[in-house]
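Let me begin by presenting the structure, written as structure tokens, before commenting on it.
Bear in mind that the values here come from a model prediction, so they are computed numbers and not experimental data.
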2 protein chains.
Amino acid sequence: MVDERLPQPDAEDIELVKVMHALGDPVRIRLLGVYADGGEHSCAPEAVGLGHLHKSTVSHHMRVMREAGITTTRVAGRNRYVRLRRDELDARFPGLLDALLKSLP
Amino acid sequence: MVDERLPQPDAEDIELVKVMHALGDPVRIRLLGVYADGGEHSCAPEAVGLGHLHKSTVSHHMRVMREAGITTTRVAGRNRYVRLRRDELDARFPGLLDALLKSLP
DNA sequence: CCTATGGTTGGACTGTCGTCAAACAATCTC
DNA sequence: GAGATTGTTTGACGACAGTCCAACCATAGG
């Protein structure tokens, strides 16, 4: 079967306030730092530096980020690979992602 | 009596995640747009385009923004004047405020 | 087919958030 | 000083959010 993607908003439907809300949480802004390399990342808590959280909690945070339009999730077999929607975010909110990544703690 | 300021964090104590959290609300990101002109603004709901909200609610939102380090409030008589802490935000999070203001709906 | 893997979903619990209303406080004006 | 003006504070209430646990589901590999 061909790769599929979990539900996510279209690029033009990404709302600034939802992006802000998604990043207004310590866990998720930390995830942003993990995704900053532009690569794909597994969902396992240990794979994203969240070994202290339950896997369902991590899944919840990833869903919030995906539904806000920050990330996209590719389904491949039993694995899911998450990465930043960098181009679409840059197009919609020019300079925002760069400024955020530079300001990360 | 000399003008005073309501409690606010020092510039170096402004935390990105708290700024994000403060702006992850429809009312407050709208306030950011009001303050974008750099000028001082009264706290009256009608003065900031929030005539549909109770004055105590508006007061609450202004406090959240102030305690996040986004705004500063000058006390003058019975009035309080709120404005953006633009220089300090620019110094701490370069480019962030510009990107946000450009992305405002 | 059986089992292990990687992740999602639903429920429960706790805590925080946005809103309003009423009371309060400080200042200005008469 | 009395009353009006400008906000803040406190309490109440419903809604939402973060976390864990248990159950579930789809797929991969024997």
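Taking atom CE of Met65(B) as the reference point, atom C1' of dG18(C) lies 15 Å away to the nearest angstrom. Across the protein-nucleic acid pair, Leu6(B) atom CG and dT6(D) atom P stand 17 Å apart, rounded to whole Å. The distance between atom NE2 of His21(A) and atom P of dC17(C), rounded to the nearest whole Å, is 10 Å.
Among the nucleotides dG18(D), dT6(D), dT9(C), the one closest to the side chain of Ser59(A) is dT9(C). Among dA22(C), dG7(D), dG7(C), the nucleotide with an atom closest to any side-chain atom of Arg80(B) is dG7(D). Set against dA23(D), dT9(C), dA21(C), the side chain of Arg63(A) has dT9(C) as its closest nucleotide.
Residue pairs meeting the salt bridge (Lys or Arg N to Asp or Glu O under 4.0 Å) criterion with at least one member in residues 43-65 of chain A, sequence neighbours excluded, do not occur.
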With a cut-off of 3.5 Å and sequence neighbours excluded, list every side-chain donor-acceptor pair involving residues 23-31 of chain A.
| residue | atom | partner | partner atom | Å |
| --- | --- | --- | --- | --- |
| Asp25(A) | OD1 | Val27(A) | N | 2.9 |
| Asp25(A) | OD1 | Arg28(A) | N | 3.2 |
| Arg28(A) | NE | Ala22(A) | O | 2.5 |
| Arg28(A) | NH1 | His61(A) | ND1 | 3.2 |
| Arg30(A) | NH2 | Gly49(A) | O | 2.9 |

Could you list the donor-acceptor pairs under 3.5 angstrom formed between side-chain atoms of residues 91-105 of chain A and any protein atom two or more places apart in sequence or on another chain?
| residue | atom | partner | partner atom | Å |
| --- | --- | --- | --- | --- |
| Arg92(A) | NE | Ile14(A) | O | 2.6 |
| Arg92(A) | NH2 | Glu12(A) | O | 3.4 |
| Arg92(A) | NH2 | Ile14(A) | O | 3.2 |
| Asp98(A) | OD1 | Arg86(A) | NH1 | 3.4 |
| Ser103(A) | OG | Ala99(A) | O | 2.9 |

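For Asp37(A), the side-chain hydrogen bond (donor to acceptor under 3.5 Å, both in side chains) criterion is met by His41(A), not counting sequence neighbours. For Ser56(B), the side chain to side chain contact (heavy atoms under 4.5 Å, CB included) partners are His54(B), not counting sequence neighbours. With sequence neighbours left out, the salt bridge (Lys or Arg N to Asp or Glu O under 4.0 Å) criterion links Arg78(A) to no other residue. For Arg85(A), the salt bridge (Lys or Arg N to Asp or Glu O under 4.0 Å) criterion is met by Glu88(A), not counting sequence neighbours. By the side-chain hydrogen bond (donor to acceptor under 3.5 Å, both in side chains) test, Arg66(B) is found to be paired with no residue, residues two or more places apart in sequence or in another chain being considered. Under the side-chain hydrogen bond (donor to acceptor under 3.5 Å, both in side chains) criterion, Asp90(B) pairs with no residue, sequence neighbours left out.
In this structure, His60(A) reaches the bases: a heavy-atom distance under 4.0 Å links it to at least one base atom across the strands shown.
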Taking only N/O atoms, report every protein-nucleotides 2-5 of chain D pair under 3.5 Å with atom names and distance.
| residue | atom | partner | partner atom | Å |
| --- | --- | --- | --- | --- |
| dT5(D) | O4' | Arg78(B) | NH1 | 3.1 |
| dT5(D) | O2 | Arg78(B) | NH1 | 3.2 |

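Heavy-atom distances under 4.0 Å link DNA chain D to no residue of residues 24-39 of chain B. Scanning residues 43-54 of chain B for heavy-atom distances under 4.0 Å to DNA chain D yields Cys43(B), Ala44(B).
Atom OG1 of residue Thr71(B) and atom CE of residue Met65(B) lie 5.5 Å apart, to the nearest 0.5 angstrom.
The phosphate of dG7(C) has OP1 or OP2 within less than 4.0 Å of a side-chain N or O from Ser42(A). Residue Ser56(B) has no polar side-chain atom (N or O) positioned under 4.0 Å from OP1 or OP2 of dT8(D). In this structure, His61(B) reaches the dT19(C) phosphate: one of its side-chain N or O atoms is under 4.0 Å from OP1 or OP2.
Put simply, Tyr35(B) and Leu50(B) are part of the same group of oily side chains (I, L, V, M, F, W, Y) that touch within less than 4.5 Å, one to the next.
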